[in-house]
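Okay, structure first, notes after.
All figures in this text were calculated on a predicted structure; none of them were measured in a lab. Chain identifiers are assigned alphabetically (A, B, ...) following the order of the sequence lines, protein sequences preceding nucleic acid strands; residue numbering begins at 1 within each chain.
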Amino acid sequence: MKKIEAIIKPFKLEEVKDALADIGIEGMTVTEVKGFGRQKGHTEIYRGSEYTVDFLPKIKLEIVVADSVVENAVAIIVKTAKTGKIGDGKVFVLPVEEAVRIRTDEKGDKAV
Amino acid sequence: MKKIEAIIKPFKLEEVKDALADIGIEGMTVTEVKGFGRQKGHTEIYRGSEYTVDFLPKIKLEIVVADSVVENAVAIIVKTAKTGKIGDGKVFVLPVEEAVRIRTDEKGDKAV
Amino acid sequence: MKKIEAIIKPFKLEEVKDALADIGIEGMTVTEVKGFGRQKGHTEIYRGSEYTVDFLPKIKLEIVVADSVVENAVAIIVKTAKTGKIGDGKVFVLPVEEAVRIRTDEKGDKAV
Amino acid sequence: MKRFWKYLLTAALLATPLVATWAQDAATPAAPAAEAVAAAAATVADAAAAAPAYKDLEAFAGSPGYAIFTTNNLWMMLSTALVFIMHLGFATVETGLTRSKNTVNILFKNTLIPCIGLLTYAIIGFNLMYPGGDYAGKWFGFSGFGVSVSDDIANLTDTYNAGYTYWTDFLFQGMFAATAATIVSGAVAERVKLGTFMVFSTIFVAISYPITGMWKWGGGWLNALETPFYDFAGSTLVHSVGGWGALAGVMLLGPRIGKYSADGKVRPVLGHSMPLATIGVFLLWLGWFGFNGGSVLSANPGLTSLVLVTTCLAAAAGGVTSALTSFVLLKKPDLSMALNGILAGLVGITAGADQMSAMSSVIIGGIAGIIVVISVLFFDKIKIDDPVGAISVHLVCGIWGTLAVGLFGNLAGMAQVVSQLKGIVSIGLFTFIFAFALFFILKMVMGLRVSAEEEIEGLDVSEHGAHAYPDFQAAAEK
Amino acid sequence: MKRFWKYLLTAALLATPLVATWAQDAATPAAPAAEAVAAAAATVADAAAAAPAYKDLEAFAGSPGYAIFTTNNLWMMLSTALVFIMHLGFATVETGLTRSKNTVNILFKNTLIPCIGLLTYAIIGFNLMYPGGDYAGKWFGFSGFGVSVSDDIANLTDTYNAGYTYWTDFLFQGMFAATAATIVSGAVAERVKLGTFMVFSTIFVAISYPITGMWKWGGGWLNALETPFYDFAGSTLVHSVGGWGALAGVMLLGPRIGKYSADGKVRPVLGHSMPLATIGVFLLWLGWFGFNGGSVLSANPGLTSLVLVTTCLAAAAGGVTSALTSFVLLKKPDLSMALNGILAGLVGITAGADQMSAMSSVIIGGIAGIIVVISVLFFDKIKIDDPVGAISVHLVCGIWGTLAVGLFGNLAGMAQVVSQLKGIVSIGLFTFIFAFALFFILKMVMGLRVSAEEEIEGLDVSEHGAHAYPDFQAAAEK
Amino acid sequence: MKRFWKYLLTAALLATPLVATWAQDAATPAAPAAEAVAAAAATVADAAAAAPAYKDLEAFAGSPGYAIFTTNNLWMMLSTALVFIMHLGFATVETGLTRSKNTVNILFKNTLIPCIGLLTYAIIGFNLMYPGGDYAGKWFGFSGFGVSVSDDIANLTDTYNAGYTYWTDFLFQGMFAATAATIVSGAVAERVKLGTFMVFSTIFVAISYPITGMWKWGGGWLNALETPFYDFAGSTLVHSVGGWGALAGVMLLGPRIGKYSADGKVRPVLGHSMPLATIGVFLLWLGWFGFNGGSVLSANPGLTSLVLVTTCLAAAAGGVTSALTSFVLLKKPDLSMALNGILAGLVGITAGADQMSAMSSVIIGGIAGIIVVISVLFFDKIKIDDPVGAISVHLVCGIWGTLAVGLFGNLAGMAQVVSQLKGIVSIGLFTFIFAFALFFILKMVMGLRVSAEEEIEGLDVSEHGAHAYPDFQAAAEK
Ligand SMILES: Nc1ncnc2c1ncn2[C@@H]1O[C@H](COP(=O)(O)OP(=O)(O)O)[C@@H](O)[C@H]1O
Ligand SMILES: Nc1ncnc2c1ncn2[C@@H]1O[C@H](COP(=O)(O)OP(=O)(O)O)[C@@H](O)[C@H]1O
Ligand SMILES: Nc1ncnc2c1ncn2[C@@H]1O[C@H](COP(=O)(O)OP(=O)(O)O)[C@@H](O)[C@H]1O
């Protein structure tokens, strides 16, 4: 099993979720995060002082999938989340050693 | 060392934390996340339009532990977080290569 | 590639970010989390009943870097985030198998 | 817990006939006392018929009394507006002191209650509470359904009353009425079924509140005691009444899940927005300018200005003493206690706001501020779980304020204390039994409490399918 | 969508001359009717010149009419304060019912609109709307720029008007004026360009609102119909006017991104704070005490108190029926609909608040509460995306309320219905065409809508470089 | 930074005797000027004793003056209520413009200050500020502790004053008093120790504010200048006084951690809720209807309505010019600046609200709106860290408004400018020195500032052990 971590632009969430559902992935966990990267934040002004909002709102998707699905899933995410503009985000793949479904005690690929 | 990631129902947090403390695990990091899975969200209505809340509030626990503790910890989490109803969540185990305690520079098992 | 996960005190974020930028790390993802550890929360009182705030606000940094950079990055984080007081946090290092930049489809070290 | 309310209930049942006899005794010999100002409303509805009227409204506008009548009526209309805004105060206090997952539910209740309250008061309440002189000294009266001005000229001039028209009278009293139900709302929050509560409120405000209100303000038996029971603006008639309803509800509902740990220790359930709670208390204080000021029932300069002074000083004293008490007892200056203390001072002064010196009002309010903190801790201990402290503020300090009329100010004296007790006990018994029985019946018929799952999920989702703060939803739904 | 407004526009263009003739017909024979109270303001500005004045203000202060004049003026000043606070009500309702990423933008607009509105009303609006008796029965009049009291003694005494001074008159009317623009603000929220909207509001409130206002309140042609058009406090003159502006804006803007899915299904865009929305509705209700109560134009006790009763009962009925309607149609008790229902009841009663019985006001408000729910669903369906329901509340219920004057109460009758229709249609056409044309021109010149990127990011960041809730920013910026 | 306040302090010390002599000069020849309205309060307390009183209150109620007195008193009571609600306005503005981790702390302070202020004003302040005619033209006077009506009939009729009873007088003035301390609260927010600040406020409001208030409103030396110093409703007596206290506090406290980067650049510390800030400003504007309107000290129709017009036009102008100025200087339309601009306009018009034409009020308010933006930027630059802009709004615009009385309107003239300067400087020196000394002593005795750790954690947790928004806590505690 692998864990796919994708950092994407928030307004792409709906689309990515639907695209993943289309290939049968129906479990994921979503976190609101802030990203810092090449996409520089905007300068804002509050009561006359400028400041840079360095950290931009992003969405992190965490999806644990069987090894066989990883490649396809990553490809789908990359395709769907792409706008071509800076700040589109990253996809990382990490190894997972075990997975358990709490409700049923099922383990491994069956659990995800 | 391993990292245990557990996605659980929010109201189970207190209980799981206490159960882990009982087996000597006293460090963990908690994140508010939203989960998408078999447990379908409820349909809600706002000013006459229906919509589905797909993403349900969940809590993610991250606990880095020594290899020897993993099995027991996972078992405890599964046991305590179980309600038997859909949406109970998952537990994942990931490998960790290094851990450092910032305050003391301690490394490895001593750091967690 | 490795993923560095650092749990730090919130007010250290600015400094750590700047220190990492100095060694050329310019991508990271930040999450607001709550930490539970040796640093016991304070006791607070609401309308006469005491309660303990067990979970303290922390910041989690996630930084995926090339293997060669890991050691230095961890050292910098530990140095910058240290206050010497309890609750300074942890740094964990996890293996990453793949990374993709969504915008360009670049993979591996080039993507981070 | 169970034992506690069994005890109370038994006591209540035993006491009823006792009080009834006692009150009857008092009522028989005494002629309806002509209390200059506060009870003026009592005999009003029929006064109009008897008194000489103006030829037409033009004639009235040309009469020498027109200017002062207009001024009086204006004050009463503005007082009505101020009492109205108390409903927003209640809504925000209750919302602020409860969790965000129940916010839509509380706002919905507190929005609908004044709406329903006004409508039922128009249909039945006003005529139950002010049935007219035929029922003077009685326990009950009713002068027919609906509001309308049968005789324009009389009802719209000072023939009706020196201080206001029929319409102003109705609206001012109507705004008061809904208050009682709103008080209950706070105490039963976060677990009561919406439908059940709406039915309860409707009946409570339509029937129970006006009946006990009639006993005093409608010229009923409490007003006809030899030493008449005195309740200037409603420490008992409004606030305690709400408080008794709240107590009945909480006893039948039980505490919120999570309020007590398995080993019986009190665990706080934190309110979700202190700014909302603070906004609410300031709005309530503002509203009390009209609640008490308007209860003079005219713009009488000396009396109204005195009432505003005693009201504000009592509020200020309550705020300060509750802050100090909470600091001494709890080691921290507790904002929510200071806020409750201000309300406690306001409720405390309400019964005698026109009878007190500045100094007495400070003492009454100051004591209320101490009482409320101790009371909140006490009710928590005996497992009466009242999220916003409504019982402590409105019931306990309502009783204190009513008693204080016998202890301080112009009316102080043993006879007054006895009359005050008669009023407190009789109205308390009636209201508590009414509310308890009503909640009990509804519990059987409709159910009183949402399921544990719904409670954990929050009533916003389970009862309304909605979120109060969708943008911040993740955080909100713990 | 495109077809829809093309149709409307064509209809409007065709109808204009028709209505003009029709109105002219009516205006010719009829002498300006002397409506005792509501139209008193019409012929005021010049009345002062003609009438006998007091020697000096001291003389006036010593005159027998001074006390009642002072009381009347006091009521009008407080009504002004109450109407003022409606602007905060609008600000919070609109903020609460939209997303947190557009909060600063909405607050900015709703803070600046009353500022700009007051200033333009001082410079031009007041003298457009109340040009004086020379323009009685006309379509248009203007009595010069600026406000100032040329003749102190006359303008500050009851020589000017029995109910208020010149200054009170100006300020009361000025507070009304900005309301119309504020109504538009809610409907076009979350996508309109700030600059464009500010220009629109300024012109709309400076020119369009006073011109149609003059037709009735300024003694113009609608007031001179044989059976004069009746609009007590502005169901049409204020609320529908705002609603027509809103409709024009929304039609040209199109719906917010995400409001309709690719397959055309309605998707809700959730407001971000129900407490703010609720605070707003209560403040609006409070403000309506002055909006309607002050429209009596004196403190006349019978009339003002009746108006407050009809106003509050209609609001209450609207709240209850909209809650019930939403419960029946949508299966859940919807707070935002109940809130809209209260406003619907208030808008509905506004045209005839002084002409209705208590019962009629309940019916009018109750029907408004049903209408508003159906209207919100309807406009959503035809893709008129109005985030806060402004068109349903102010336009649809404004029309309903204006019609209701012909169906209920003292003025009911076929002739009145016809006059009401004349008013509704003529003012609707003028305002809609004016607003549509103005928005259209601004769209060409300045652009009307922010870019899709800016809309997604939120107008707070893109237009103001600011966040409404920086501490909760992550959550807020979805 | 250090140098800056050393300079100011030295200047202050040097200037004191100078001003004293100068003032004395002026005071000697001039008999206490009989300013018709505004200073009426001055000689009131003792007037009662001398003047012929009514036999009893009944007699007064039957007298021809009763109606107008009742109306006047009613206006003053409502003005009191409106000034009261300003405290909620201050609470929400300050809360909104600071971080959520200090919210409970700010709410606690702003809830307790009016409570304490009213109590101290009852005990000592009122009699320090209005010591009676014996002290006319003096620097100081005191007429004994406590408030009570020794002589009912005189103090509750127009024998006391044509505009209000003794009780109304006390309460209206008491509501003003607490304002000064509340202004300080905003400027020292997010770092001052709670206990220290509470002690400061109590003494400041009990002693400093009434003493300088007496100089003018209590009939003291500034009122006795040949050309009397003029401050209608308190641009200087209330707002600058608060502003000087704020300046002293900020100078001794230093800026908040994080406000300036290591290299001295200004870094914004974002307020956490723009809706709260906006609610606050609207409530303050509403309150100003009473603050200025009530300062007429009667319901005089011409004067009160003029005052409301100048007040609202100045507010509107301030809002517009500050929005424009911030747009020009900062390239973005800044909501918080527009809000400050409205307050600036209000503070600016306060000194001369009854002396200005509509046009002059627009100019005065408009200039205040420009000044406030520049002032905020200036104080940020010189490292006077004032989270809510209190010093710019209340001190700087208070000075501007006081000066404007000499430049515009009925009193304009060189002699008036000089008198205005005397008032500004003398009151400024006294207040600044008093506040600085008091803060300094408290700093030695109790400590002034929380520890860096507590500041970073937030005062809510460190001072109160509480959270303002527990449900959203994670986000809130950055
Ligand atoms: N090395 C990294 N580790 C973790 N997250 C990263 C890293 N680099 C970028 N990110 C995340 O990806 C987001 C987008 O990256 P950015 O460099 O702004 O643009 P792009 O994706 O177009 O290269 C960042 O906001 C951050 O959340
Ligand atoms: N493949 C997955 N990867 C990551 N998180 C998952 C995955 N599947 C489920 N989850 C998380 O677990 C939660 C519960 O899963 P769900 O399918 O709803 O019920 P159950 O746990 O009973 O199978 C989801 O809300 C989601 O947060
Ligand atoms: N085993 C662990 N797994 C995950 N996170 C941990 C673990 N131990 C500690 N943490 C995180 O590190 C933070 C600091 O740890 P703590 O024990 O309080 O102090 P210290 O870092 O000084 O040892 C905690 O609040 C928690 O977020």
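For F:Ser336, the parts lying near chain A are the backbone and the side chain together; criterion is any non-hydrogen pair under 4.5 Å. F:Val269 touches chain A through its backbone: at least one of N, CA, C or O sits under 4.5 Å from a heavy atom, while the side chain does not. Within the 4.5 angstrom heavy-atom criterion, no atom of F:Leu335 approaches chain A. At a 4.5 Å heavy-atom cutoff, the contact between F:Val266 and chain A is made by backbone and side-chain atoms alike. For chain A, the nearby part of F:Val388 is the backbone; its heavy atoms alone come within less than 4.5 Å. In this structure, the portions of F:Leu330 lying under 4.5 Å from any heavy atom of chain A include both its backbone and its side chain.
Other residues, nucleotides and ligands contribute more than 12 heavy atoms inside 6.0 Å of the CD atom of A:Glu106. For A:Glu26, the CD atom counts as densely surrounded, since its 6.0 Å shell holds more than 12 non-hydrogen atoms of other residues, nucleotides or ligands.
In this structure, CZ on F:Arg267 lies 14.5 Å from CD on A:Glu50, to the nearest 0.5 angstrom. With values rounded to the nearest 0.5 angstrom, A:Arg47 atom CZ is found 11.0 Å from F:Leu270 atom CG.
Closest of all the heavy-atom pairs between A:Ser49 and F:Asp380 is OG-OD2, 3.7 Å.
Options F:Val376, F:Asp334, F:Val373 differ in how many heavy-atom pairs under 4.5 Å they form with chain A, and the most are formed by F:Asp334.
A donor-acceptor contact shorter than 3.5 Å links the side chain of A:Tyr46 to the backbone of F:Gly271.
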